[in-house]
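Computed over heavy atoms, backbone and side chain alike; hydrogens, waters and symmetry mates excluded. Because the structure is a prediction, the values reported are computed rather than measured.
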Amino acid sequence: IGGSYKLNEYTIFGQYGMSEFTAKVDGAKTTQKDNGFEVGAGRQDKLNDKVTLFTKASYTNTDSETKDTAKVTDKG
């Protein structure tokens, strides 16, 4: 999810995203969770009729977490 706001010659923007994935194989379960956000400002400058300069400054933060669960059986 994200949004932007035009402020004079700049575009202020922000976005947030998250995902979760679970895999099960032979009694073992792995869960991966990711989330992150980005905020910043950007602008476009038309240098001539063929060239446009795009600039952006932003801060990005991401977090990733993995959990493993395995069933242990003793056959001895």
Side-chain angles (χ1 to χ4, degrees):
I1 185 168
S4 64
Y5 178 76
K6 184 77 171 164
L7 181 64
N8 298 325
E9 298 174 2
Y10 294 91
T11 301
I12 311 299
F13 62 88
Q15 64 181 3
Y16 174 79
M18 61 182 272
S19 65
E20 182 175 340
F21 176 80
T22 301
K24 295 179 183 178
V25 178
D26 294 331
K29 178 180 170 183
T30 301
T31 301
Q32 176 76 33
K33 294 181 182 180
D34 301 306
N35 62 40
F37 69 89
E38 179 180 23
V39 294
R43 69 182 277 171
Q44 299 180 36
D45 293 305
K46 191 166 179 86
L47 302 180
N48 60 37
D49 62 338
K50 295 182 181 179
V51 178
T52 302
L53 176 66
F54 297 93
T55 55
K56 173 178 101 168
S58 65
Y59 173 77
T60 303
N61 185 1
T62 57
D63 182 33
S64 182
E65 179 182 340
T66 303
K67 290 184 181 179
D68 293 320
T69 306
K71 291 183 180 178
V72 178
T73 56
D74 186 7
K75 295 183 179 181

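- Taking CD from Gln15 and CD from Glu38, the interatomic distance works out to 5.0 Å, rounded to the nearest 0.5 Å.
- When all heavy atoms of Ala57 and Phe13 are compared, the pair lying nearest together is O-CZ, 4.4 Å.
- Expressed to the nearest 0.5 Å, how far CZ of Phe54 lies from NZ of Lys56 amounts to 12.5 Å.
- Considering CD1 of Ile12 and NZ of Lys6, their distance stands at 9.5 Å, rounded to 0.5 Å.
- Tyr10 and Leu53 fall into different hydrophobic clusters, defined by Ile, Leu, Val, Met, Phe, Trp and Tyr side-chain heavy atoms under 4.5 Å apart, directly or through other members.
- Note: Lys29 NZ to Asp68 CG = 11.5 Å, rounded to the nearest 0.5 Å.
- Shown here for Ser64 and Asp34, the closest heavy-atom pair between the two residues is OG-OD1, 2.7 Å.
- A distance of 7.0 Å separates CG of Leu47 from OG1 of Thr52, quoted to the nearest 0.5 Å.
- Annotation for Ile1: atom CD1 does not count as buried by contact number, only 12 or fewer foreign heavy atoms lying within 6.0 Å.
- For the atom pair OG1 (Thr66) and CZ (Phe21), the distance works out to 11.0 Å, reported to the nearest 0.5 Å.
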